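Scroll down for the structure; my scribbles are underneath it.
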Amino acid sequence: MRALYYILVDIDLHPYLANALDGVLKIGITADNCNKNAPIIYIEGKGKAGNACTLSLEDVYKYSFLKYFEEQKITWILDFIRDIPNFTEKELTQEIVSHGLALVTEEY
């Protein structure tokens, strides 16, 4: 089942390459109830060189993903997930906009 993710980070240093291992990073979050246990999507690379996974809040800390959130200055989203574990889409969009980000969505 696909879910709608709000994209917080979308970096592509190689826009003209179909496959890239480095320089490509995407981090998003969903309010979809089916993904409440792992609301974060982390994508690194693209094409045949790309990897993606969904993460819970615990996974971010357990598997050393925190550094990516710190580098991109989006640790506030981790606080949001911790403080409001059953957040709604409206609460999520308000939080994103309150941090000056546009509401950009993609389906995965």
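Just so it is clear, the structure is predicted and the values come from calculations on it, not from any experiment.
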I need the full list of side-chain hydrogen bond (donor to acceptor under 3.5 Å, both in side chains) pairs touching residues 36-55, with sequence neighbours left out, sorted by first then second residue.
D12-K46, Y42-E44
Which side-chain hydrogen bond (donor to acceptor under 3.5 Å, both in side chains) pairs, counting each pair once, include a residue from residues 96-105, with sequence neighbours left out?
none
Are L21 and V24 grouped together when hydrophobic residues (ILVMFWY) are joined by side-chain heavy atoms under 4.5 angstrom apart?
no
Determine whether L13 and L17 fall in the same hydrophobic cluster, where Ile, Leu, Val, Met, Phe, Trp and Tyr are linked whenever their side-chain heavy atoms lie under 4.5 Å apart.
no
Starting at [atom1] of [X], measure out to [atom2] of [Y] and round the result to the nearest 0.5 Å.
X	Y	atom1	atom2	value
I96	L8	CD1	CG	5.0 Å
L55	N35	CG	CG	11.5 Å
N33	N86	CG	CG	8.5 Å

The criterion is side-chain contact (heavy atoms from CB on, under 4.5 Å); which residues satisfy it with V97, sequence neighbours excluded?
L103
In chain order, what residues pass the side-chain contact (heavy atoms from CB on, under 4.5 Å) check against K90, with sequence neighbours excluded?
T88, Q94
Please enumerate all residues that pass ring pair (Phe, Tyr, Trp, His ring centres under 6.0 Å) together with [X], with sequence neighbours excluded.
X	answer
F80	F87
F69	none
H14	none
Y63	none

Verify side chain to side chain contact (heavy atoms under 4.5 Å, CB included) between I84 and E91, making sure each step is shown before the conclusion.
CA-CA 9 Å; I84 310 172; E91 290 168 325; 3.8 Å; yes
Is any side-chain heavy atom of I81 less than 4.5 Å from a side-chain heavy atom of V60?
no
Do L78 and I29 come close enough that some side-chain heavy atom pair is under 4.5 Å?
no
Suppose we screen for side chain to side chain donor-acceptor pair (under 3.5 Å). Which residues come up paired with D59, at least two apart in sequence or across chains?
S56
Give every residue pair that meets the salt bridge (Lys or Arg N to Asp or Glu O under 4.0 Å) criterion with at least one member in residues 98-108, sequence neighbours excluded.
R2-E107, K26-E106
By the salt bridge (Lys or Arg N to Asp or Glu O under 4.0 Å) test, which pairs, at least two apart or in different chains, include something from residues 66-87?
D79-R82
Quick one: does any side-chain atom of T30 pair with a main-chain N or O of L4 as donor and acceptor, under 3.5 Å?
yes
Residues clustered with I41, ILVMFWY side-chain links under 4.5 angstrom:
Y5, I7, I43, V104, Y108
